[in-house]
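Notes follow the structure.
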Amino acid sequence: MTPKEQDAQFSAEFDADVAVEKIAEMYANAFLDASAAQGEPLAEQVEQFDSLMSDVLAKHPTFESILGSALVSPDEKTGILDRTLKAQASKTFLNFLKVVAKHGRLDILRSIHRETRNAYEKRLNRIPVRITTAVPLDDTTVQSLSEKLRVILGGEPLFQTAVDPDVIGGIVVRVGDTIYDASLLTQLKNVRQQMIDSSAHEIQSRRNRFSNPEGN
């Protein structure tokens, strides 16, 4: 595959992922709106969704495959949902799953669940934030970063962290579709310096271990 073909494939896959996220977000908000309209506590509805994913689908992958299969008709899927979940799920949650099934979107149920959790947190003014750094964050840096992002975002940041050595000396913050780079975000200047210092310390430690491998 040529570099141009690889770029085209990457772009197509990226666009497909973004499209799935948008669709999942639409279903997630529809579910939360319907729950609120019925007077259902949103926390309990989200917990039901969590339980379906962790206690049912994660433990029974064949069941998840059936729900996501294009070979099983929407009517068959709604019947399966009735037989398996009616006794445990709330009426609102079960009806929501049936709507998703009728529209042929149970194949992206995990994405819908993730967006439901994100949308719920946003309604509580808690904002999911993905942090990518060169080295793991220590408690002091997390606290400093949290305070600065709280001001920037106007809400309570919920961190999901990842380590990428290619981000040496820096930090990348993703909030939804927006990506902030510490080199451009002056509000994070002090945190960026902490990451530089931490990276330098890590590099020096590795040099020390290399030059003195037996601790002599």
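Residue indices begin at 1 and follow the sequence shown. A quick note: this is a predicted structure, and the numbers were derived from the prediction, not measured.
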message: Can you pull out every salt bridge (charged side-chain N to carboxylate O under 4.0 Å, His left out) where at least one residue sits in residues 68-84? Sequence neighbours excluded, please.
response: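 The answer is Asp82-Lys98.
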- request: Quick one: which residue pairs count as a salt bridge (charged side-chain N to carboxylate O under 4.0 Å, His left out) with a foot in residues 118-129, not counting sequence neighbours?
  value: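 Found Asp33-Arg123, Arg117-Glu121, Glu121-Arg126.
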How far does [atom1] of [X] sit from [atom2] of [Y], to the nearest 0.5 angstrom?
{"X": "Gln160", "Y": "Arg174", "atom1": "CD", "atom2": "CZ", "answer": "10.5 Å"}
{"X": "Ser51", "Y": "Met53", "atom1": "OG", "atom2": "CE", "answer": "11.0 Å"}
{"X": "Glu21", "Y": "Glu115", "atom1": "CD", "atom2": "CD", "answer": "5.5 Å"}
{"X": "Ile112", "Y": "Ile23", "atom1": "CD1", "atom2": "CD1", "answer": "9.0 Å"}

Treat each ILVMFWY residue as a node, draw an edge where side-chain heavy atoms are under 4.5 Å apart, and state whether [X] and [Y] are in one component.
{"X": "Val56", "Y": "Ile66", "value": "yes"}
{"X": "Tyr120", "Y": "Leu158", "value": "no"}
{"X": "Val163", "Y": "Val129", "value": "no"}

Would a 4.5 Å heavy-atom cut-off, applied to side chains only, mark [X] and [Y] as touching?
{"X": "Met26", "Y": "Lys22", "answer": "no"}
{"X": "Tyr27", "Y": "His103", "answer": "yes"}
{"X": "Val172", "Y": "Asp164", "answer": "no"}
{"X": "Ser111", "Y": "Glu25", "answer": "no"}
{"X": "Val99", "Y": "Asn95", "answer": "no"}
{"X": "Thr133", "Y": "Thr141", "answer": "no"}
{"X": "Leu57", "Y": "Leu67", "answer": "yes"}

- prompt: When you look at His113 and Asp50, which way does the side-chain contact (heavy atoms from CB on, under 4.5 Å) test go after all the steps?
  reply: CA-CA 7 Å; His113 170 251; Asp50 291 343; 2.6 Å; yes
Heavy-atom pair of closest approach, residues [X] and [Y]:
{"X": "Ile127", "Y": "Gly155", "value": "CD1-CA, 4.0 Å"}
{"X": "Ile108", "Y": "Ala24", "value": "CD1-N, 4.4 Å"}
{"X": "Gly154", "Y": "Asn125", "value": "O-ND2, 3.2 Å"}
{"X": "Asn29", "Y": "Ala119", "value": "OD1-CB, 3.7 Å"}
{"X": "Asp107", "Y": "Gly104", "value": "OD1-O, 3.4 Å"}
{"X": "Ser54", "Y": "Ala58", "value": "O-CB, 3.5 Å"}

query: Only one of Leu137, Thr132, Val142 clears side chain to side chain contact (heavy atoms under 4.5 Å, CB included) with Thr161; which?
result: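 Among the candidates, only Leu137 passes.
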- prompt: Can you tell which of Thr116, Thr92, Leu32 makes a side chain to side chain contact (heavy atoms under 4.5 Å, CB included) with Gln45?
  reply: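 Output: one option passes, namely Thr92.
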query: Taking atom types as modelled, is there a side-chain donor on Glu44 or Gln48 under 3.5 Å from an acceptor on the other?
result: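 There is no such pair (donor and acceptor under 3.5 Å, judged by atom type) between the side chains of Glu44 and Gln48.
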task: Please assess Val175 against Ile152 for the test side-chain contact (heavy atoms from CB on, under 4.5 Å), listing each intermediate value before the final yes or no.
output: CA-CA 11 Å; Val175 183; Ile152 295 169; over 6 Å; no
query: Looking at residues at least two apart in the chain, or sitting in another chain, which of them share a ring pair (Phe, Tyr, Trp, His ring centres under 6.0 Å) with Phe93?
result: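 Phe93 satisfies ring pair (Phe, Tyr, Trp, His ring centres under 6.0 Å) with Phe31, Phe49 only.
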- request: In sequence, state the C-alpha distance, the side-chain angles, and the governing distance for Leu149 and Ile131, and then conclude on side-chain contact (heavy atoms from CB on, under 4.5 Å).
  value: CA-CA 11 Å; Leu149 284 174; Ile131 309 290; 4.2 Å; yes
field: Residues Asp139, Gln143; criterion side-chain contact (heavy atoms from CB on, under 4.5 Å); working and verdict
entry: CA-CA 6 Å; Asp139 291 342; Gln143 180 63 30; over 6 Å; no
- prompt: So, Lys91 and Glu40, do they make that salt bridge, N to O below 4.0 Å?
  reply: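 Looking at Lys91 and Glu40, the cut-off is not met.
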